[in-house]
Structures are given as C-alpha cells and as structure tokens.
Chemist: 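My questions all concern the structure below.
A, B, ... follow the sequence lines: proteins, then strands. Residue 1 opens every chain. Computed from a predicted structure; not experimentally measured.
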There are 2 protein chains.
Amino acid sequence: MNILLIEDETRVADFIRRGLKAEGWVVEHATDGETGLEIMQDRDFDIVILDLMLPGITGQRVCQKMRARSNTTPVLMLTALDSADERVAGLRLGADDYLPKPFDFDELIARLHALHRRNTSYADDADDGKLRHEGLIYDYSAMVLTVDDVVVDLSAKERELISLLMTSERKALSRERILNSVWGTHEDPMTNVVDVYIGRLRKKLGPYSGLIKTVRGAGYRFG
Amino acid sequence: MNILLIEDETRVADFIRRGLKAEGWVVEHATDGETGLEIMQDRDFDIVILDLMLPGITGQRVCQKMRARSNTTPVLMLTALDSADERVAGLRLGADDYLPKPFDFDELIARLHALHRRNTSYADDADDGKLRHEGLIYDYSAMVLTVDDVVVDLSAKERELISLLMTSERKALSRERILNSVWGTHEDPMTNVVDVYIGRLRKKLGPYSGLIKTVRGAGYRFG
DNA sequence: ATCTTCGATCAAAAGAATGTTCATGATCCT
DNA sequence: AGGATCATGAACATTCTTTTGATCGAAGAT
C-alpha cells in the first residue's frame with residue numbers, strides 16, 4: 001500500500017508520514033505539485049494525499065492534471081479551510097475525498113481505508129495486500145512470494161526488490177534508483193549488487209523470469 | 001538533454017551521473033565552481049545541478065555569477081542542510097529549485113523533469129508520459145516503442161533519438177543539434193553516427209519509416 | 001564462546017549487445 | 001554529367017550484462 005503525500009510544510013508532512021508508516025503504509029513525499037506529478041509518472045500509488053496550498057501550482061491544478069492524464073488514483077485533498085465551496089470545487093476537479101486541516105489522525109486513517117476499499121472493490125474485487133502478475137503473487141503482509149501457487153523463499157533484499165519491481169510495473173528503473181530505494185545508497189558503490197540480485201530473483205521466478213526485462217543502458221523493467 | 005553537474009564529492013557525483021545517464025541525460029561533470037563556470041562559457045546546458053558546498057567559490061557565488069552573465073539556464077541547488085533560510089537565500093540568488101541532501105533519486109529525476117518542462121514552457125495537460133504519432137507510441141517511462149501495438153526493441157541511443165525526434169515533431173533538426181542532444185558532442189566531430197542511427201531507426205519503424213524525413217542539406221525532420 | 005549457516009557483497013571473466021567508423025553505392029540537384 | 005549529400009552494410013571497438021565462485025559478516029544454534 002503506497003501513498004504519495006504532496007505537502008510543502010515539513011512539520012505537517014513528517015507528522016503524517018510517521019503516522020502512516022506506523023500503520024504500515026509506504027509513504028513517498030513530494031514538497032510541491034510539479035514534483036508530485038513527475039513522481040506519479042514513474043510510479044503507481046494507491047492513494048494521493050494532496051494539500052491544496054502548495055508553492056508553484058496549486059493542489060487543484062495537480063488533481064486536474066492527474067485526471068487529464070487518465071490517472072485514476074484516488075485523491076484525498078487537505079485544506080486549511082472548511083468551506084463547502086472549496087469542497088465542491090475540489091470534488092468537481094476529480095478529488096475523491098476531502099479533509100479540512102487540522103484533522104484528527106484517526107479520521108485521516110479512516111478515510112484512507114475507505115478510499116482504498118472503495119477503489120479496490122470496483123476493480124478486481126480486493127486488494128488483500130497482494131501484488132499479482134500472471135502466476136506471480138507477492139503478499140506484502142505475509143512477505144511471501146508465490147509462483148504458480150508454490151511458495152518461494154526470498155531473502156530480505158530480494159523481497160524489497162521484487163516488491164519495488166512489481167509496484168513499478170512497466171516502468172524502467174535505473175540501477176541507481178533501485179540502489180537508492182532498496183539499499184538506501186546515496187553514492188556510487190562501484191558494485192554490481194543490483195545485477196546479482198536481479199539474477200537471483202529471475203532464477204527464483206522460474207517460468208516467469210522473463211517478466212524482469214533488461215533495458216540495456218538504462219536498467220530493468222518488470223512486466 | 002544536457003546537464004552540467006557541479007559537485008566535488010566524486011562518489012556522489014558518480015552516482016548521480018550514472019543514474020542520469022540511465023535516464024537518458026547527457027551529463028558533464030565539474031568538480032569545482034570555477035571549472036563549472038568556464039565550461040558554461042563554451043556550452044549551453046538544459047539544467048545545471050549545483051552543489052552548495054564546493055572547494056573554492058561556493059555554489060551561491062557560482063549561481064550569482066551565472067545570473068550576472070545573463071545565463072538563464074535553470075539551476076537546481078543541492079545542499080546538505082534542510083534549512084528554510086538557505087533555501088530562500090539560494091532562490092534569491094537565482095536558483096530555480098532546491099533539493100536537500102541526501103535525496104531520493106526519484107525526487108531528483110522528478111525535479112529535473114519539472115525544471116526542464118517549466119523552462120521549455122510545455123503545458124500539455126493530457127501528457128500521460130507517452131509520445132504518439134499515428135501507430136507509433138513511445139512510452140518513455142517504460143522506455144518502450146510500440147509500432148502498431150507491437151513492441152520494438154531499441155538501444156539506448158535509438159531511444160534518445162526517437163524521443164528527441166518525436167518531441168520535435170515537424171521541426172527540422174540539424175545533425176549538430178542531434179549530436180549535441182543525444183551524444184553530448186559539442187565540437188565538430190566529422191562523423192556520420194547520426195545518419196547511421198537514423199537508418200537503423202527507420203528500419204525499426206517499419207511502415208512508419210517515412211515519418212523520419214530527410215531535409216537535404218539541413219538534417220532530419222519527424223512528421 | 002564458538003560453530004554453523006545463510007544472506008550480502010564483491011570481483012573477475014565470459015558472453016552478448018551496442019556503438020562507431022569506414023567504404024561503397026545510391027540519390028538528389030543544378 | 002558531376003559534385004554534394006545521404007544511405008547502408010559490414011567490420012571493428014567498446015560497453016554493458018550475466019554468471020560464477022569466493023569472501024565477509026551477522027544471527028542463531030550448540
């Protein structure tokens with residue numbers, strides 16, 4: 001369960017981020033609308049939490065642009081004012097829910113769950129915390145990978161890697177992004193760990209090893 | 001797409017450089033401000049990534065000098081401190097954006113794209129990250145070219161080339177511009193790589209090969 | 001406390017795909 | 001026709017990827 005939080009005030013953002021992490025959500029944070037939109041082009045999220053007051057383009061505009069791009073990710077809008085007008089305007093621009101600041105953390109959580117449920121029940125009836133692709137199922141909460149209903153043992157890094165790949169379906173990921181995201185690296189380690197782990201994963205995926213494609217000169221892509 | 005990276009820590013610089021290269025940027029690297037300024041006198045870049053802590057003159061000073069020379073290239077500042085003061089100071093000196101270290105690679109990429117787009121004043125609301133023309137679709141986040149719904153494999157240079165061509169629809173591009181943008185060449189190299197790659201690309205475009213037109217004496221044009 | 005085991009990392013080498021150049025042949029334009 | 005410009009195939013050079021085996025280190029077992 002991935003959330004993109006677009007919020008410029010660091011204090012608020014940290015507060016939300018910490019809380020959501022504790023709930024088991026994975027939170028990516030962008031401090032302005034442009035950045036948020038860009039990140040959404042590379043990754044898919046389950047929900048976007050969007051502040052209305054942002055530097056640069058406004059939250060409304062971000063939402064509008066998302067919809068114009070046929071991005072249907074549920075959007076929860078945060079605003080300082082509890083004005084019915086704003087709410088209506090927001091919803092018309094494609095927001096799915098709306099929460100006035102300051103808000104109760106419990107209420108935030110509740111709304112997120114509601115949004116998530118609503119969204120996933122429409123599509124293929126359940127996000128049970130699993131990533132699926134053909135005969136591949138990665139169960140987040142159980143941390144188990146199943147290949148054609150056969151459980152495959154993965155190490156910690158392998159799990160993070162497959163999870164990153166599967167949540168970035170059809171997006172090319174550079175080794176650096178992978179290193180940054182899975183290993184937390186910020187400098188060049190002059191190593192080929194990523195390649196080695198991709199190799200191991202492919203072996204474990206058996207018949208589906210081909211799902212991890214090599215994009216020569218760029219990195220790897222799942223699906 | 002050319003970037004000038006001014007950063008003294010080699011490991012960090014290498015990491016950024018590789019990552020950006022994988023994303024399709026051509027990166028020039030300077031380890032100090034003076035060198036950076038010199039390089040900028042000879043060449044134009046799409047974006048400058050500027051570390052604040054540099055040996056010799058500081059990043060702020062570099063930025064200031066650039067602006068004093070009426071160089072309007074967008075500047076993305078990197079700094080170790082997440083201080084609002086520094087941010088404000090940086091922006092006042094002419095920086096266009098700011099990123100605290102250590103940063104997420106995703107966010108770096110996102111900001112670069114945002115800066116670049118802002119600069120080229122590209123306001124396409126329906127931009128879903130794909131370039132389309134007739135039966136040709138280039139998805140640059142997946143790095144995949146589709147010809148009449150059939151995926152065609154492209155090499156890194158071919159990808160950069162088709163992406164450049166498709167974003168410059170109906171504009172003639174000289175070999176020099178193509179060389180500069182895709183290969184990062186700035187002097188006259190007496191080579192015919194561009195011709196060779198245009199040829200390869202045409203072959204892969206199959207029925208759409210005619211979309212890449214030769215403009216005799218000038219270069220090539222897409223669409 | 002030591003051993004054992006497994007995961008994580010590294011380094012080297014083989015293998016594959018890509019990048020570049022050159023030479024030749026085709027095409028265009030006057 | 002003839003010079004200039006462009007297209008193309010093939011050889012060669014380079015870079016990137018994969019694979020393998022060895023090493024290091026942490027966690028758990030004895």
Chemist: Would one find a side-chain N or O of T214(B) under 4.0 angstrom from OP1 or OP2 of dA7(D)?
Modeler: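 Answer is yes, contact under 4.0 Å.
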Chemist: Going by side chain to side chain contact (heavy atoms under 4.5 Å, CB included), V27(B) matches just one of N2(B), L20(B), I49(B). Which one?
Modeler: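 One option only clears the test, and that one is L20(B).
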Chemist: Under 4.0 Å between a side-chain N or O of T191(B) and OP1 or OP2 of dT21(C)?
Modeler: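 Yes, within the criterion.
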Chemist: Roughly how many Å is it from OH in Y197(A) to P in dC6(C), rounded to a whole number?
Modeler: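 For the pair Y197(A) OH and dC6(C) P, the rounded distance is 15 Å.
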Chemist: Touch check for R159(B), heavy atoms < 4.0 angstrom, all strands: base, sugar-phosphate only, or nothing?
Modeler: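 R159(B): no heavy atom of the nucleic acid under 4.0 Å.
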Chemist: Just how far, in rounded Å, is C1' of dA8(C) from CG of L201(A)?
Modeler: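 Spelled out: CG on L201(A) to C1' on dA8(C) is 14 Å.
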Chemist: Starting at CD of E158(B) and ending at P of dC16(D), how long is that distance when rounded to a whole Å?
Modeler: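 In whole Å, dC16(D) P lies 15 Å from E158(B) CD.
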Chemist: When you measure only distances, ignoring hydrogens and angles, does the side chain of R202(A) come within 3.5 Å of the base of dT17(D) through a donor and an acceptor?
Modeler: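 Side chain to base: no pair below 3.5 Å.
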Chemist: If the cut-off is 4.0 Å, is K157(B) near the phosphate of dC16(D), judged by side-chain N/O to OP1 or OP2?
Modeler: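 The answer is no; no side-chain N or O of K157(B) sits under 4.0 Å from OP1 or OP2.
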Chemist: Quickly work out the N192(A) CG to dT9(C) P distance and round it to whole Å.
Modeler: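 Result: 11 Å.
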Chemist: To the nearest Å, give me how far apart CH2 (W183(B)) and P (dT14(D)) are.
Modeler: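 From W183(B) CH2 to dT14(D) P: 18 Å.
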Chemist: Does a donor on one side chain sit under 3.5 Å from an acceptor on the other, for T35(B) and D32(B)?
Modeler: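 Judged by distance alone, the side chains do pair up.
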Chemist: Would you indicate, yes or no, if dT18(D) has its OP1 or OP2 atom less than 4.0 angstrom from a side-chain nitrogen or oxygen of Y220(A)?
Modeler: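 Result: yes.
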Chemist: Counting the atoms with a prime plus P, OP1 and OP2 as sugar-phosphate, which does R18(B) contact under 4.0 Å by heavy atoms, base, sugar-phosphate, or nothing?
Modeler: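 The answer is nothing, as R18(B) stays clear of every strand by at least 4.0 Å.
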Chemist: Which part of the nucleic acid, if any, lies within contact of V194(B), taking any heavy atom under 4.0 Å across all strands shown: a base, the sugar-phosphate backbone alone, or nothing?
Modeler: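 V194(B): no heavy atom of the nucleic acid under 4.0 Å.
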Chemist: Identify the heavy atoms of M66(B) and V75(B) that sit nearest to each other, and give their distance.
Modeler: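 For M66(B) versus V75(B), the nearest heavy atoms are CE-CG2, 3.6 Å.
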Chemist: Report yes if some heavy atom in the side chain of Y220(B) is under 4.5 Å from a heavy atom in the side chain of R202(B); otherwise report no.
Modeler: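 In contact.
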Chemist: Looking at S155(B), does any N or O in its side chain come under 4.0 Å of the phosphate oxygens OP1/OP2 on dG19(C)?
Modeler: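 The answer is yes; a side-chain N or O of S155(B) sits under 4.0 Å from OP1 or OP2.
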Chemist: Whole angstrom is fine here: how far is it from CZ in R200(A) over to P in dA8(C)?
Modeler: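 For the pair R200(A) CZ and dA8(C) P, the rounded distance is 7 Å.
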Chemist: With side chain to side chain contact (heavy atoms under 4.5 Å, CB included) as the criterion, how do E158(A) and R200(A) come out once you've worked through the C-alpha distance, each side chain's angles and the decisive distance to 0.1 Å?
Modeler: CA-CA 8 Å; E158(A) 288 166 350; R200(A) 290 190 187 168; 3.7 Å; yes
Chemist: Whether the side chain of R216(B) and the base of dT5(D) hold a donor-acceptor pair under 3.5 Å is what I'd like checked.
Modeler: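 Check passes, donor-acceptor contact within cut-off.
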Chemist: Among T191(A), D195(A), N180(A), which residue meets the side-chain hydrogen bond (donor to acceptor under 3.5 Å, both in side chains) test with R175(A)?
Modeler: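 It is D195(A), the one option of T191(A), D195(A), N180(A) that forms the side-chain hydrogen bond (donor to acceptor under 3.5 Å, both in side chains) with R175(A).
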Chemist: Is a donor-acceptor contact shorter than 3.5 angstrom present between the side chain of D195(B) and the base of dT20(C)?
Modeler: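 Absent.
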Chemist: I want to check one thing: is the phosphate of dT19(D), taken as OP1 and OP2, less than 4.0 Å away from some side-chain N or O of K203(A)?
Modeler: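 It does not, given that no N or O in the side chain of K203(A) lies less than 4.0 Å from OP1 or OP2 of dT19(D).
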Chemist: Please report, rounded to the nearest Å, how far the C1' atom of dT19(D) is from the CD1 atom of I212(A).
Modeler: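 Roughly 16 Å, once rounded to whole Å.
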Chemist: Rounding to a whole Å, what distance do you find between L161(A):CG and dA8(C):C1'?
Modeler: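 So the CG-C1' distance, L161(A) to dA8(C), works out to 13 Å.
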Chemist: Looking at every strand, decide which applies to V182(A) at a 4.0 Å heavy-atom threshold: base, sugar-phosphate, or nothing.
Modeler: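 Touches nothing.
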